[in-house]
There are 2 protein chains.
Amino acid sequence: MNSREIAKNRLVEFGIKPSLQRLAIMEYLMNHSTHPTADMIFNDLFPSMPTLSKTTVYNTLRLLAGEGAILSLSIDEKNVRYDGDISNHAHFKCKKCGCLYDLPVEGMNSIHVENKGNLLITECHLYYKGFCERCKSEIV
Amino acid sequence: MNSREIAKNRLVEFGIKPSLQRLAIMEYLMNHSTHPTADMIFNDLFPSMPTLSKTTVYNTLRLLAGEGAILSLSIDEKNVRYDGDISNHAHFKCKKCGCLYDLPVEGMNSIHVENKGNLLITECHLYYKGFCERCKSEIV
DNA sequence: CTTTGTGCAAATTCTTTGCACCAAA
DNA sequence: TTTGGTGCAAAGAATTTGCACAAAG
């Protein structure tokens, strides 16, 4: 199964009609673990889809994230980042160079929240910030 | 010790000169656990400080958060929220009404991250999203 | 005096909206 | 032919910047 088909399956699984644009964006997110912004996605797809508009990218990302087909990350306060990997994992952002990594996390589901009973929890985001290996050594 | 003095201590502790505006903003954040936006802080302080400008509020919040004297939360993708409580705790936001709570968390420090050795972690944010008690019951 | 903080107005940037056109069922 | 998707241009909103004035040591 090629990556286009995998992307299509994800869309269908979440009840989203697989238009050409949506497929391209979904496929892009599943193939790039760079946690791109809407702008990055647009710039990368535009050369091969010259009619694509930024509005469509924004619309599509909002739709996909709203349906749960992708994750929308707010770890970077400037731009929303998107992640095609919807499995449980944490994120790390370097405060110096801005690089953004996935972090595998043990026990992310086992975090105990007191008084959680009253709330219906649907999402959990775990964000770490600090300095990446390269930047860490440059701190004076 | 009154709340103004407590706020002053916090500023001094983090090496920040306690101007009148900074003191007012720091004190506001320590007395309000509402996780306000810059705009809310400005609007609430303005009546008693008519010369206060929104620029100063933004400048001050950036300074305080940068020095670690307050927390800057990105749980709400629209506006940055600020928290005068810098102790370890998680946050919850209702996706329907937008209300924002603190959540006490057991084991927040014990979350195990593999491969953390290469990184210098300085901050950890744990965000839960879902539906609050009131909104939960209104879901159809 | 000299450095630092404040505040107004303007600029910047990310994102959404209004609306017309296009495509598919 | 009706519904939904796309895309352009414009609007909107949060935050930052440039610069002049005020304050504090």
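The chains referred to below are lettered A, B, ... by the order of the sequence lines, with proteins before strands, and numbering in each begins at 1.
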note = Assign each of B:K17 and B:N59 the nucleotide of DNA chain D bearing its closest heavy atom; nearer the 5' end lies the nucleotide of B:N59
request  = Figure out the CG/C1' separation between A:N79 and C:dT12, and round it to whole Å.
outcome  = 13 Å
ask   = What class does the angle between the rings of A:F42 and A:F46 fall in, given that below 30° is parallel, 30 to 60° is tilted and above 60° is perpendicular?
value = tilted
Distance in angstrom units between B:D76 CG and C:dT15 P, rounded = 13 Å
task = Would you tell me whether A:S87 and A:D85 have side-chain atoms, one donor and one acceptor, within less than 3.5 Å of each other?
result = yes
query = Rounding to a whole Å, what distance do you find between A:M40:CE and C:dT15:C1'?
reply = 16 Å
query = Is any side-chain N of the basic residue among A:K129 and A:E77 closer than 4.0 Å to the acidic one's carboxylate O?
reply = yes
key: Nearest atoms (heavy-atom pairs only) where A:F92 meets A:G130   = CE1-N, 3.6 Å
Heavy-atom closest pair, residues B:S72 and B:Y127 = O-OH, 4.3 Å
Taking N or O atoms only and anything under 3.5 Å, show me the protein contacts with nucleotides 20-24 of chain C, one pair per line.
none

query = Taking 5' to 3' order, which nucleotide of DNA chain D is first and which is last to have an atom within less than 4.0 Å of a heavy atom in chain B?
reply = D:dA14 to D:dT17
request  = Could you tell me whether the side chains of A:D44 and A:H32 share a donor-acceptor contact shorter than 3.5 Å?
outcome  = no
key: Side-chain heavy-atom pair B:L103, A:L119 within 4.5 angstrom cut-off   = yes
Presence of salt bridge, A:E27 and A:K8, under 4.0 angstrom = no
ask   = Expressed in angstrom and rounded to an integer, what is the separation of A:I41 atom CD1 from C:dT15 atom P?
value = 11 Å
remark   = Closest to the 5' end of DNA chain C, once A:Y58 and B:L63 are matched to their nearest nucleotides, is B:L63
ask   = Is the A:H35 ring parallel, tilted or perpendicular to the A:H91 ring (thresholds 30°, 60°)?
value = perpendicular
task = Could you check how far CZ of A:R62 sits from P of C:dC14, rounded to whole Å?
result = 17 Å
message = It should be established whether B:S19 places a side-chain nitrogen or oxygen under 4.0 Å from OP1 or OP2 of nucleotide C:dT6.
response = yes
task = Could you list by number each residue of residues 48-57 of chain A showing a heavy-atom separation from DNA chain D of less than 4.0 Å, or answer none if no residue does?
result = A:T51, A:L52, A:S53, A:T55, A:T56
ask   = Starting at NZ of A:K78 and ending at C1' of C:dT15, how long is that distance when rounded to a whole Å?
value = 14 Å
